[in-house]
Amino acid sequence: MGFFETILFPFKWVVSWIMWIFHEGFVFLGMDEASGWTWTLSIIGLVIVIRAALIPVFVKQIKAQRGMQSLQPDLKKLQQKYKGKTDQLSRQAMTQEQMALYKKHGTNPFAACLPMLIQMPFFFALFQVLNGVSKASDSGTHIGALSSEAIQQFDAATILGAPLSSSLLHGGGGDGQVAVVILSIVMILAMTASQFITQKQIMSKNMSEEALASPFMRQQKMMLYILPLVFGIGGINFPIGVLIYWTTTNLWTMGQQFFVIRRMPTPGSPAAKAMAERRAKKGLPMVPLLGESKSEPEPAPVATKTQRQQPQRKNRKRR
């Protein structure tokens, strides 16, 4: 067992257990245990469990993203301060001041990628489980919590004529080859499109103009096009079951982002202005947004002392 497989071993057990529990639950409800739809719903159940467990991490991600946006003006000043200084001491001082800014705002550049980084071991574990189904079926061995009988059922399971364990690069062969090609292409397009739309939605509706003009966002705009391209090219080697998993998790992310943008928009973003207009039309008071710093209470106006005006003495009549 290699180093990579050793790391993924416990994740493979978790993935296989969750799939098996959902599979047995659907069978209990009357579904065919060998049906591809039963196994497809088990994969979707796996997505729901993992993404529901990541909701607290997602909330932290939102706060971190808002913190990154709020520190952009200070970060820009810092970059101007050390502009043109390439010596080691200046670079070290800039790094220290930059880390102090991250600490002050309670964020860091890697927090935005945290949910994806946590998901990746489960994704690769599922990839290994589905990729090893054919070999395990031929040898009669088990994978994690999936028994040899369950492995054989999964290996024979098809959805719309395409085996779940087949990929575009390694098709099912025979009559199922055309179905594998068509379904794989459709799923790859759905996976990349949902990922692109989700990120585009954040940038167009849920970021302030100041944040969009920052160097950090220029990097994010590059990732907007690079990541879907990477997953699209890599998708030709993904089994259909993995494509179902990743497309479903992208759709979850899209729905989650839609809720956040509508109900908890970034302060100063177009979505925040739209929310303010909606609440104003309904006559509702504004509520503080997630990540928005509470404004200090305005001091009570100090009463200025005015000089008392003396009554004018009437001129007495001269006798």
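The figures that follow rest on heavy atoms only: side chains count, while hydrogens, waters and symmetry mates do not. Since we're looking at a predicted model, the values are computed, not measured.
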Give the other cluster members for Leu229, using side-chain heavy-atom distances under 4.5 Å between Ile, Leu, Val, Met, Phe, Trp and Tyr residues; answer none if it is isolated. Ile233
What pairs meet the side chain to side chain donor-acceptor pair (under 3.5 Å) rule with one or both residues in residues 184-198, with sequence neighbours excluded? Ser194-Asn250
Pairs satisfying side chain to side chain donor-acceptor pair (under 3.5 Å), at least one member in residues 43-55, at least two apart: Arg51-Thr249, Arg51-Thr253
Interatomic spacing from [atom1] in [X] to [atom2] in [Y] - rounded to 0.5 Å:
{"X": "Thr40", "Y": "Ile159", "atom1": "OG1", "atom2": "CD1", "result": "3.5 Å"}
{"X": "Gln256", "Y": "Leu54", "atom1": "CD", "atom2": "CG", "result": "9.0 Å"}
{"X": "Trp39", "Y": "Ile44", "atom1": "CH2", "atom2": "CD1", "result": "14.0 Å"}

Go through the structure and list residues passing ring pair (Phe, Tyr, Trp, His ring centres under 6.0 Å) with Phe22, not counting sequence neighbours. none
For Trp20, check ring pair (Phe, Tyr, Trp, His ring centres under 6.0 Å) against everything at least two apart and list the hits. Trp17
side-chain contact (heavy atoms from CB on, under 4.5 Å) against [X], all qualifying residues, sequence neighbours excluded:
{"X": "Ile236", "value": "Leu168, Leu169, Ile188"}
{"X": "Thr38", "value": "His23, Phe26, Val27, Met31, Ser35"}
{"X": "Arg278", "value": "Arg262, Ala274, Met275"}
{"X": "Val129", "value": "Lys12, Ile143, Leu146"}

Nearest atoms (heavy-atom pairs only) where [X] meets [Y]:
{"X": "Ala157", "Y": "Gly36", "answer": "CB-CA, 3.7 Å"}
{"X": "Val15", "Y": "Ala125", "answer": "CG2-CB, 4.1 Å"}
{"X": "Ser165", "Y": "Pro239", "answer": "O-CB, 3.9 Å"}

Which donor-acceptor pairs under 3.5 Å do the side chains of residues 240-248 make with protein atoms, sequence neighbours left out?
from   : atom 1 : to     : atom 2 : distance (Å)
Thr247 : OG1    : Leu243 : O      : 2.7
Thr248 : OG1    : Ile244 : O      : 2.6

Listed once per pair and sorted, the salt bridge (charged side-chain N to carboxylate O under 4.0 Å, His left out) pairs that draw on residues 88-97, sequence neighbours left out: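 Sorted result for residues 88-97: Lys81-Glu97.
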ring-ring contact (aromatic ring centres under 6.0 Å, His included) pairs, two or more places apart, involving residues 250-283: none
Do [X] and [Y] belong to the same hydrophobic cluster, where Ile, Leu, Val, Met, Phe, Trp and Tyr are linked whenever their side-chain heavy atoms lie under 4.5 Å apart, directly or via other members?
{"X": "Met254", "Y": "Ile48", "result": "no"}
{"X": "Leu251", "Y": "Val49", "result": "no"}
{"X": "Leu29", "Y": "Ile18", "result": "yes"}

Are more than 12 heavy atoms from other residues, nucleotides or ligands located less than 6.0 Å from atom CE of Met99?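 No, the 6.0 Å shell around CE holds no more than 12 heavy atoms from other groups.
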Answer whether the closest heavy-atom distance between the side chains of Met19 and Phe154 falls below 4.5 Å.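 Contact flag for Met19/Phe154 side chains = yes.
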